[in-house]
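Given the structure is predicted, the values throughout are model-derived calculations rather than measurements. Scope of the values below: all heavy atoms of this structure, side chains included, with no hydrogens, waters or symmetry mates. Nothing fancy with the numbering, it's 1 onward along the sequence.
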Amino acid sequence: MAFSWDASRRAFADAAEWFVRTAGLVGDGWEQPGLGEWDVRALVGHTSRSLLTVETYLARPAVAVEIPSPVGYYRATREAAAGPAVAERGRDAGAALGRDPAAAVAEIAARVLPLVDAQQGTELLTTIAGGIRLADYLPTRTFELAVHTADLTAALGLPPDVPPTAAAEALQVITDLAVDGGRAGELLLATTGRTGLPASFSLL
């Protein structure tokens, strides 16, 4: 299922604004556990890359579409996403947020959201995996913002109140990944109370 460009922009903006609000609630808890080997600062740093990469890749136009969909992007980056460099980039991104990470996150969002609003969705970006249309890349960023802000709420003991627009797009991405990977049946059974999922279950 494809979302319209207007719907995708709204979902991205809502996810980004939720992330900014949640980062603003960290207080002095930046060194507390965040996710896996990351503390909260590193988790927020990693999540901020969902905004920063849009800005970076828009400045690197592609000449051809090599990745046709959000699912194709995740398929193309699966090996890299499982490597140790991801954890290190998260720590580096957290450190780059400086003395006031919440303010830095708000400034990034204030810069990136108007940039996205000025686009048509047809722009070709050069990502780490190749050329992709902005309209196909942006849902992956909404997905990352939704999932990792939910991780942040868990670290802070808050409810994961994902904005409905962002939730709908993120759930569509995960559904498409399940279908593409031949695991839709497992997901259907688990989400309708028939079976459980193993702790290590992931569609990424």
Side-chain angles (χ1 to χ4, degrees), residues 1-26 34-36 38 40-55 57 69-75 77-78 81-82 86-87 89-90 93-94 97 101-102 105-106 108-113 115-117 121 125 127 132 134-181 183-184 187 190-191 197 201-204:
M1 175 181 175
F3 286 83
S4 72
W5 175 237
D6 284 344
S8 284
R9 283 189 303 144
R10 181 73 263 157
F12 178 72
D14 289 349
E17 289 162 5
W18 182 45
F19 171 48
V20 169
R21 289 195 304 273
T22 306
L25 299 175
V26 172
L35 175 69
W38 284 331
V40 165
R41 175 185 279 272
L43 172 59
V44 169
H46 175 78
T47 310
S48 74
R49 286 176 49 78
S50 298
L51 296 163
L52 290 168
T53 56
V54 175
E55 180 179 54
Y57 294 158
S69 66
V71 168
Y73 178 83
Y74 278 111
R75 191 188 303 124
T77 58
R78 186 166 286 152
V86 173
R89 282 197 299 270
L97 294 175
V105 163
I108 292 167
R111 190 173 72 236
V112 173
L113 292 180
L115 177 63
V116 171
D117 281 343
L125 321 179
T127 72
I132 187 172
L134 177 59
D136 292 317
Y137 181 64
L138 200 66
T140 72
R141 301 308 88 195
T142 299
F143 178 83
E144 297 291 331
L145 283 166
V147 170
H148 287 308
T149 305
D151 289 329
L152 180 58
T153 64
L156 300 177
L158 301 171
D161 294 329
V162 187
T165 53
E169 189 151 284
L171 288 169
Q172 185 62 56
V173 169
I174 207 70
T175 298
D176 291 346
L177 285 167
V179 172
D180 180 74
R183 307 190 75 177
L187 191 62
T191 55
L197 291 172
F201 182 87
S202 176
L203 295 167
L204 298 179

Problem set entry | Candidate pair Ile108 and Leu97, rule side-chain contact (heavy atoms from CB on, under 4.5 Å), full reasoning | CA-CA 10 Å; Ile108 292 167; Leu97 294 175; 4.1 Å; yes

Problem set entry | Rounded distance (nearest 0.5 Å) linking atom CG of Asp14 with atom OG1 of Thr165 | 3.5 Å

Seminar exercise, completed: Closest non-hydrogen contact found for Glu55 with Leu115 is CA-CD2, 3.9 Å

Exercise. What is the minimum heavy-atom distance between Ala23 and Leu152, and which atoms define it?
Worked result: N-CD2, 4.0 Å

Exercise. Can you check whether Trp5's main-chain N or O pairs, donor with acceptor, with Ser8's side chain at less than 3.5 Å?
Worked result: no

For this session: For residues Thr149 and Leu145, report the shortest heavy-atom separation together with the two atoms involved.
Result: OG1-O, 2.6 Å

For this session: First locate atom CG of Asp117, then atom CZ of Arg9, and finally report the distance between them rounded to the nearest 0.5 Å.
Result: 5.0 Å

For this session: Given side-chain contact (heavy atoms from CB on, under 4.5 Å), test Ser48 with Phe19 step by step and report yes or no.
Result: CA-CA 9 Å; Ser48 74; Phe19 171 48; 4.3 Å; yes

Exercise. Does Arg10 pair with Asp6 as a salt bridge, N-O distance under 4.0 Å?
Worked result: no

For this session: Might you point out which heavy atoms bring Leu204 and Arg78 nearest each other, and give the distance in Å?
Result: C-NE, 3.6 Å

Exercise. Would you call Leu113 and Glu17 a side-chain contact if the rule is heavy atoms closer than 4.5 Å?
Worked result: yes

Exercise. Step by step, would you call Phe12 with Val54 a side-chain contact (heavy atoms from CB on, under 4.5 Å)?
Worked result: CA-CA 11 Å; Phe12 178 72; Val54 175; 4.2 Å; yes

Exercise. What is the distance from atom OG1 of Thr22 to atom NE2 of His148, rounded to the nearest 0.5 Å?
Worked result: 14.0 Å

Problem set entry | Approximate separation, where rounding is to 0.5 Å, of Ile174 CD1 and Thr191 OG1 | 12.0 Å

For this session: Calculate, to the nearest 0.5 Å, the distance between atoms CZ and CG belonging to Phe201 and Leu187 respectively.
Result: 5.5 Å

Exercise. Taking atom CG of Asp136 and atom CZ of Phe3, what is their separation to the nearest 0.5 Å?
Worked result: 13.0 Å

Problem set entry | Val20 to Ala109 - nearest heavy-atom pair and separation | CG2-CB, 3.6 Å

Exercise. Heavy-atom distance under 4.5 Å between the side chains of Thr153 and Val162, does that happen here?
Worked result: no

Exercise. Would Leu25 and Leu158 count as a side-chain contact (heavy atoms from CB on, under 4.5 Å) if you check the C-alpha gap in whole Å, the side-chain angles of each, and the deciding distance to 0.1 Å?
Worked result: CA-CA 10 Å; Leu25 299 175; Leu158 301 171; 3.7 Å; yes

Problem set entry | Side chain proximity check, Leu52 to Arg111, heavy atoms < 4.5 angstrom | yes

Exercise. Pairs in or reaching into residues 137-164: which pass salt bridge (Lys or Arg N to Asp or Glu O under 4.0 Å), with residues at least two apart or in two chains?
Worked result: none

Exercise. Can you find a pair of side-chain heavy atoms, one from Tyr74 and one from Asp180, that are under 4.5 Å apart?
Worked result: no

Exercise. If you look at every heavy atom in Tyr73 and Thr140, which pair is closest and at what distance?
Worked result: CD2-CG2, 4.0 Å

